[in-house]
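Start at 1 and go down the list; that is how both ligands and their atoms are numbered.
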Amino acid sequence: METISFFDGRKIPLERHKVRIVQQLNLLPVEERLARIQEASSNLYLLRNKDIFLDMLTDSGVNAMSDRQQAAMLQADDAYAGSESFFRLERTVRDIFGMEHFLPAHQGRGCEKILADLLVKPGDIVPMNYHFTTTRAHIERCGGEVIELLIPEGLKCQSDYPFKGNLDTDALAAFLAEKADRVPFVRLEAGTNLIGGQPFSFANLRETARICRQYDVLLILDASLLQDNLYFLKMKDEDCRDLSLREIMRAVADQCDIIYFSARKLGFARGGGICMRESELVDPLKELVVLNEGFLTYGGMSVREIEAIAVGLEETLDLAVTSQGPEFIAYMVDELEKRGVPVVTPAGGLGCHLDASRFVPHIPQEEYPAAALAAALYIAGSIRGMERGTLSENRDADGNETLAEMELLRLAVPRRVFTKSQIDYAVDRVTWLYENRDLIGGLRFEHEPKILRFFLGRLAPLSDWQEKLAAKFAGDLPGSL
Ligand code: F0G
C-alpha cells in the first residue's frame, strides 16, 4: 500500500523522509577488512564502528530519529524524581496501550530482569512462541525453563505463510491443562526476532489470550518489535485491514495483561518499560524498578531519551513511518531471491535474514556456519550482520553444543538509516559472496564466555579461508574497494 509504483511498472520502496543530518562512512579496502576481522577474532561485536561501511548488526538504538524527536529532546525536564518528561511519556503510553501503569527501565532486558525476578522461581516453565536470547537468560537465571510452542511453519526458512510467528495454541492448551501450576506467565513475542522477524496474527493473539484466561495464567507481550508486527497485521490480516495502526495497537494491548518493550526498537530511541493494568504485581515491580533501574520517573533512561520515546511511539502509528522498515526489507529479500541467494521468506521485519544452512551447507553446525558467513560478509563488503544460529545458543549442562534450529545471518535494516543504493550495494556483495561460497570455512572458539557467549567470544578460522576469500575479491573486482 505504501510502496510506490513507477510508470515503468517497478514497485519501489520510496523514502518518505528527507535526509538533513548525515554521518560520513568509511569503506576500507579489502586487505584492511581482512586485518580488522582477524583483530576482532572473527566476532563482529568486537569490530570498531569506524571500520564498518554498512552496520546491519541491529536496529537497536540506531534507527534514525526524526526532527520532532530531536526537538523534543531539547525541552527535557531534568529531575531525579517527578520529571515532567516522564509524565509526558506515561501519558503517551497510557493513551496508546490503554494501560494504567508505566514502569520505566533502562532497556528491554531491564524489564526482563525484573519480571523474571518477581515471577519466575525454580521449576517454573514459561511457554512462548519463541525465545529471545536475553529473555531466556533471565528466566534460566531465576531457575526457570523456557518451552517454545511456535507453529511448525515458523521454522521453515522458505514459506509463503504470512504469520510464522504464531504460537501453536492447541499445544499451549494441552500444556496448560497439565502444567498450569508451574507456569508463571505465557510470553508472546511480536515480530519474532530469532526466526526472522516474523509476525503473529490477531486471531492467534486472541486465542492465546483466551487460553491464558481459561487457565488463569498471565499473558505477557514482548512488544520490542511490535511496530513490524503492526505493519503486517495492517497489510496481511483480514481482522485488522480496516483498522488504523492506532486501533490495531489498542486491540493488541487489550488482549494482554502486561506489555514490555525495548524502546531501542519500539519508540526509535533508547530505553524501555513495562505497561500493565492495576494488579497486586504493580507495587512489587515498582520496588524492583527502584532497586535495579532507577527511580520510578526515569528508570535508568536519560530524560532526553524519554522525550524522544514519547514522540517516537506516536510516530510509530504513522504508516508512512512504520512501513519503511518492512518495505526496504522486502525489497532486499526480493532482490536476493531473484539472484538465487537463500533468504528467509516471506520477508519479515527487523532485517533481511540469510539462511546460512543453505548458503554454506558444507560448514557443520559445530563450526558456526552463520558466524562464519558473518565474518565472510565483512571481508566481502565491510557489512556487519548478526549471527543468529548455534553461536547464539548456550551449551547444555554437560558442556555439549546445543545446535540451533535455524542458522541465520541477520542483516538488520534500521529505519530511515540506509538509502536504496546502499541496499543495492549490500545485495551485490552478498551475491558475490554466494557465488564464492565454497571459499568460506568454519570457525572455532579460542575464548568462550559462559553466558551469552556470542557477545564477547573470541574465535579463529579453521584454515586460511579468510585470506583466500580476500584475495579472490581483490582479483574479481580489481580497483574496487
Ligand atoms: N526482546 C526482544 C524481542 C528483542 O529483540 C530485544 C533486543 C530485547 C528483548 C532486549 O532488549 O536490547 O533493549 O535490552 N534485541 C536486540 C537485537 C539486541 O539486536 O535484536 P534490549
Side-chain angles (χ1 to χ4, degrees), residues 43-45 49 55-63 103-116 126 128-139 141 146 148 150 154 164-165 167 185 187-200 220-230 252 256 258-275 289 292-293 299-302 305-306 308-309 312 325 329 344 348-353 370 374 384-389 391-392 406 408-415 417 451-452 454-456:
N43 179 347
L44 285 88
Y45 281 101
N49 199 29
D55 189 9
M56 301 184 126
L57 185 71
T58 180
D59 64 337
S60 174
V62 291
N63 288 295
L103 280 53
H106 77 284
Q107 62 184 85
R109 71 200 70 181
C111 308
E112 294 173 335
K113 177 178 190 300
I114 61 175
L115 286 167
V126 182
M128 51 185 72
N129 49 349
Y130 209 70
H131 80 280
F132 184 70
T133 50
T134 52
T135 326
R136 185 168 70 187
H138 280 299
I139 290 169
R141 179 182 57 78
V146 163
E148 289 166 331
L150 189 71
K164 284 163 62 177
L167 187 142
F185 60 89
R187 171 180 173 275
L188 197 61
E189 185 182 311
T192 326
N193 191 330
L194 296 189
I195 59 162
Q198 301 291 325
F200 54 69
I220 300 189
L221 177 73
D222 181 338
S224 304
L225 291 166
L226 182 57
Q227 65 278 36
D228 293 329
N229 212 127
L230 283 181
V252 166
C256 306
I258 296 179
I259 297 178
Y260 75 87
F261 61 97
S262 168
R264 301 177 64 84
K265 293 173 182 283
L266 185 68
F268 312 139
R270 282 149 289 249
I274 302 173
C275 318
V289 170
N292 290 285
E293 302 293 308
M301 289 183 273
S302 113
E305 299 288 341
I306 289 176
I309 295 166
I329 292 161
V344 172
L350 215 180
C352 165
H353 294 75
R384 172 161 70 169
M386 187 186 287
E387 192 269 359
R388 300 277 71 160
L391 191 85
S392 297
M406 294 174 115
L408 304 181
L409 175 61
R410 178 179 93 184
L411 302 177
V413 181
R415 279 188 166 70
V417 170
I451 298 172
L452 299 174
F454 57 92
F455 279 129
L456 299 174

Nearest protein heavy-atom contact for [atom]: which residue, which atom, what distance?
atom: atom 6 (C) of ligand 1; result: Phe132 CE2, 3.3 Å
atom: atom 17 (C) of ligand 1; result: Lys265 NZ, 3.1 Å
atom: atom 13 (O) of ligand 1; result: Ser262 OG, 2.6 Å
atom: atom 21 (P) of ligand 1; result: Gln107 NE2, 3.3 Å
atom: atom 9 (C) of ligand 1; result: Glu112 OE2, 3.3 Å

Is the closest side-chain heavy-atom distance between [X] and [Y] below 4.5 Å?
X: Asp228; Y: Arg415; value: yes
X: Phe261; Y: Gln227; value: no
X: Met301; Y: Ile309; value: yes

Counting heavy atoms only, which of Leu350, Asp222, Asn193 comes nearest to atom 1 (N) of ligand 1?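 The option holding the nearest heavy atom is Asp222.
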
What part of Arg410 sits under 4.0 Å from ligand 1 if we count only heavy atoms: the side chain, the backbone, both or neither?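 Just the side chain.
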
At a non-hydrogen distance cut-off of under 4.0 Å, which region of Arg109 contacts ligand 1 (side chain, backbone, both, or neither)? both

Using a 4.0 Å cutoff against the non-hydrogen atoms of [X], which atoms of ligand 1 qualify?
X: Thr58; value: 17 (C), 19 (O)
X: Met386; value: 19 (O)
X: Gly108; value: 11 (O), 13 (O), 14 (O), 21 (P)

Under a plain distance cut-off of 3.5 Å, with no hydrogens placed, do Asn193 and Arg410 share a side-chain donor-acceptor pair?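 Yes - a donor-acceptor pair under 3.5 Å links their side chains.
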
Would you tell me whether Glu112 and Thr135 have side-chain atoms, one donor and one acceptor, within less than 3.5 Å of each other?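 Yes.
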
Rounded to the nearest 0.5 Å, the CZ atom of Arg141 sits from the CD1 atom of Ile139 at a distance of 10.0 Å

CD-CG distance between Glu189 and Leu226, expressed to the nearest 0.5 angstrom: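 Atom-to-atom, Glu189:CD and Leu226:CG are 11.5 Å apart.
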
Tell me whether ligand 1 is touched by Thr134 - counting only heavy atoms on the residue side and a distance under 4.0 Å. yes

Mind checking whether Phe455 and Tyr45 have parallel, tilted or perpendicular rings, split at 30° and 60°? perpendicular

